[in-house]
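Here the structure is laid out as structure tokens; the discussion comes afterwards.
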Protein chains: 2
Amino acid sequence: MILIDISSNIIFNRNITLFKKAGDYLLTNERHAYILKKLEKKRTVKIQELVEETAASESTIRRDLTELESQQKLERVFGGAILTGHILKEQSLTEKSTQNLSEKVQVAQAAAELIKKGDSIFLDAGTTTFQMIPFLENKDLVVVTNGLNLVDALNEYGIKTYLTGGLYKSKTSAFVGSQTVQAIKNYRFDICFLGVNGLHEEYGYTTPDPEEAAIKQLASSLSRKSFVLADHSKINQVSFAKIMDLENAMLIIDSIPTETLDIFRKKTSVKVVHE
Amino acid sequence: MILIDISSNIIFNRNITLFKKAGDYLLTNERHAYILKKLEKKRTVKIQELVEETAASESTIRRDLTELESQQKLERVFGGAILTGHILKEQSLTEKSTQNLSEKVQVAQAAAELIKKGDSIFLDAGTTTFQMIPFLENKDLVVVTNGLNLVDALNEYGIKTYLTGGLYKSKTSAFVGSQTVQAIKNYRFDICFLGVNGLHEEYGYTTPDPEEAAIKQLASSLSRKSFVLADHSKINQVSFAKIMDLENAMLIIDSIPTETLDIFRKKTSVKVVHE
DNA sequence: GAAATATCAATCAAAATCAATCATAAACAA
DNA sequence: TTGTTTATGATTGATTTTGATTGATATTTC
């Protein structure tokens, strides 16, 4: 008797590939989805990359980009395309991870302004630190990060980048574990920028994963200055794993109630990015 | 390993169809169920795929799609159909490239068959090793790689993955340098799989970048068994940096001229994947 | 700055897909 | 059986998509 597991599409895929049957191409929708997905992930796409990855002709990819541009899903640039502000807003409606995006960008920009030319910096994995990258261009930086999602963007902007490596956690796209710790210990930083899930007067900075907390803590201890990036939704939240007390890092936040601000200011320096 | 599920006689029927048993076909409602099931799983179906998988004619499949569309169960697009209301966003970003794919896939599959359950393996950065990933599922592996492009795909297939980290070379999407070396030294491998740019009787395995050559060499030295994956275009090519002699790794290749094979076989074990 | 290289938009022929039609095969009822 | 209905597969020409080519434009390199 032969049994087949329909939940495992590997069998399925293999048959198609192995027997080299039809379907060795992408439908128009699939190409469009592929392009947008890649854009979302890397912020920019190159036409030549898309040609290779989708096995479609350059003409077709160009047509795809033209059409997607007319749908305002992306913006064409010489050699490829970039994300428009429009799609970012669409995401923030549906995806939790990118909620409060414009605030994140504001926080990110404020954080980037603290960096001096030639600094060596640590960038935590996460969506807020990701938003800093466009503001890091032409600053002659050396960046160390444990965030896989940052690498491509950093590279796009021509920033010299060291990825720590280690065990990959897909959920946060962060590397953690002993190898990561060992790698970070090789470096010293002028500044480090960390994301957190909770800010609390008493419990300090917290995040769900203890392993990630350990990484953040370590990076901070190896930096001359430490900054935590957060948006107002994190205020008075407490996650499972403590990173450190408020005193150990300065806070950059989009907005904060006055009374909370007063409390926090007793413990650390707080920069509020107000519109 | 093949998993089995008798509860799905749709797939079962389909397999019989694939193996071309005469006289077997699907009833209309079975085809409809099959189409919808596939749609649900893949988000997208191509007409030609359905024709082959159900052994029905193109006309019939078209009629099926037309009817299912009138029932609002799907939406037709040029060349196939998509789920109604569903955005394709959730699809994975695994590379869809099909250029020279079949040789690479064959080599990759042959390589993957050498892996035993529970092995710890090193996967070199590169497109051929990338193609191995779909065949690594459910083998309870630990994979170490210096190839950034492999990480996402490995993760999609649920494979525990350690990335070496280090300095990122965007051209080959490989990490190199001292940090990479240090990271690799933390591990021991049952098998390692390496890509190369040149195979030569006298000059051995070669690749353009000395730093990458050093990584490959190191990984091989820490592995109980080493395999080089190549296609026939690499035969008698010599690149700048030597990795090691032919003797130090076994070769898996799609096809090779007889006289060259004889020469190589005096030095190492060669597995030829071609029919 | 000029030359070399890469990208672009427009065009056209080829290929794939489509809807419509028709003849045949199967399923069904009397 | 016979006739009727339904489903199927093949064919056709129209339509859409695609890939290659071209000369123009932009970018990079020296």
Side-chain angles (χ1 to χ4, degrees), chain A residues 16 20-36 38-39 42 44-71 73-82 84 137-138 155-158, chain B residues 10 13-14 16-18 20-36 38-39 42 44-71 73-82 84 88 96-101 170-171:
Chain A
I16 296 206
K20 193 99 211 247
K21 290 281 170 71
D24 217 8
Y25 61 97
L26 297 182
L27 294 179
T28 307
N29 314 67
E30 293 179 299
R31 281 198 317 274
H32 287 190
Y34 182 85
I35 291 170
L36 292 177
K38 179 160 186 171
L39 250 185
K42 317 228 174 189
T44 65
V45 292
K46 297 197 188 81
I47 288 183
Q48 289 310 322
E49 280 175 10
L50 292 173
V51 168
E52 277 185 31
E53 290 161 14
T54 65
S57 72
E58 195 182 304
S59 302
T60 299
I61 297 296
R62 282 183 194 289
R63 272 187 284 256
D64 288 340
L65 293 183
T66 305
E67 184 176 340
L68 289 170
E69 184 177 37
S70 74
Q71 293 172 17
K73 302 248 177 85
L74 54 79
E75 193 179 323
R76 292 196 62 181
V77 296
F78 200 86
I82 60 175
T84 60
E137 210 171 18
N138 299 323
N155 203 68
E156 274 307 317
Y157 283 94
Chain B
I10 295 161
N13 276 334
R14 173 185 157 274
I16 290 181
T17 311
L18 263 184
K20 306 203 160 149
K21 258 194 194 169
D24 210 340
Y25 63 96
L26 297 184
L27 297 178
T28 304
N29 53 348
E30 288 179 315
R31 279 198 319 273
H32 287 192
Y34 178 78
I35 291 169
L36 293 177
K38 177 162 186 176
L39 249 185
K42 312 258 285 185
T44 273
V45 293
K46 299 188 184 76
I47 288 184
Q48 290 310 318
E49 279 177 10
L50 292 173
V51 168
E52 290 182 1
E53 291 159 15
T54 65
S57 72
E58 195 182 304
S59 300
T60 298
I61 297 296
R62 283 185 194 288
R63 271 187 284 258
D64 288 340
L65 292 183
T66 305
E67 184 175 341
L68 288 170
E69 184 178 37
S70 75
Q71 293 172 19
K73 302 240 176 92
L74 53 79
E75 191 179 326
R76 294 195 61 182
V77 296
F78 199 89
I82 60 177
T84 39
L88 286 173
K96 303 290 202 301
S97 172
T98 51
Q99 292 185 338
N100 303 327
L101 190 67
S170 61
K171 194 176 172 190

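Chain naming here is simple, since letters A, B, ... match the order of the sequence lines and numbering starts at 1 in each.
The nucleotide whose nearest atom lies closest to any side-chain atom of E58(A) is, among dG9(D), dC8(C), dT18(D), dC8(C). Checked against dT18(D), dT21(C), dA9(C), the side chain of R63(B) finds its nearest nucleotide in dT21(C). Comparing dT21(D), dA10(D), dA9(C) by their nearest atom to the side chain of S59(A) picks out dT21(D). For R31(A), the listed nucleotide lying nearest its side chain is dT18(D); candidates were dT18(D), dA9(C), dT7(C). For Q48(A), the side-chain atoms get nearest to dT7(C) when compared with the rest of dT7(C), dG19(D), dG9(D). When each of dG19(D), dC8(C), dT8(D) is scored by its nearest atom to the side-chain atoms of A56(A), the top-ranked nucleotide is dG19(D). Distances were taken from every side-chain heavy atom of S57(B) (C-beta onward) to each of dT17(C), dT8(D), dA20(D); the shortest belongs to dT8(D).
Remark: the R62(B) side chain and the dG9(D) base include no donor-acceptor N/O pair separated by less than 3.5 Å.
Distance, E67(A) CD to dT16(D) P: 14 Å, rounded to whole Å. A straight line from CG of L50(A) to P of dT7(C) spans 12 Å, rounded to a whole angstrom. The CD1-C1' distance, from I47(B) to dC18(C), rounds to 8 Å in whole Å. Distance, R76(B) CZ to dT17(D) P: 13 Å, rounded to whole Å. As a whole-Å value, the separation of N29(B) CG from dT8(D) P is 10 Å. In this structure, I61(A) atom CD1 and dG19(D) atom C1' are separated by 12 Å, rounded to whole Å.
Residue order along DNA chain D, read from the 5' end via each residue's closest nucleotide, puts D64(B) first among D64(B) and L27(A).
Here T28(B) lies in heavy-atom contact (under 4.0 Å) with sugar-phosphate atoms only.
Summarising the geometry, atom CD belonging to E52(A) is positioned 10.0 Å from atom CG belonging to L50(A); distances are rounded to the nearest 0.5 Å. Distance CZ/R76(B) to CG/L74(B): 8.5 Å, rounded to 0.5 Å.
Regarding contacts with the backbone of dA15(C), every side-chain N or O of Y25(A) stays at 4.0 angstrom or more from both OP1 and OP2.
The pair E67(B)-R63(B) does not meet the salt-bridge criterion, since no charged nitrogen lies less than 4.0 angstrom from a carboxylate oxygen. Comment: E49(B) does not engage K42(B) in a salt bridge, judged by the lack of any side-chain N to carboxylate O separation of less than 4.0 angstrom.
Tested against K73(A), the residues L65(A), L39(A), L36(A) include a single side chain to side chain contact (heavy atoms under 4.5 Å, CB included) partner, L36(A).
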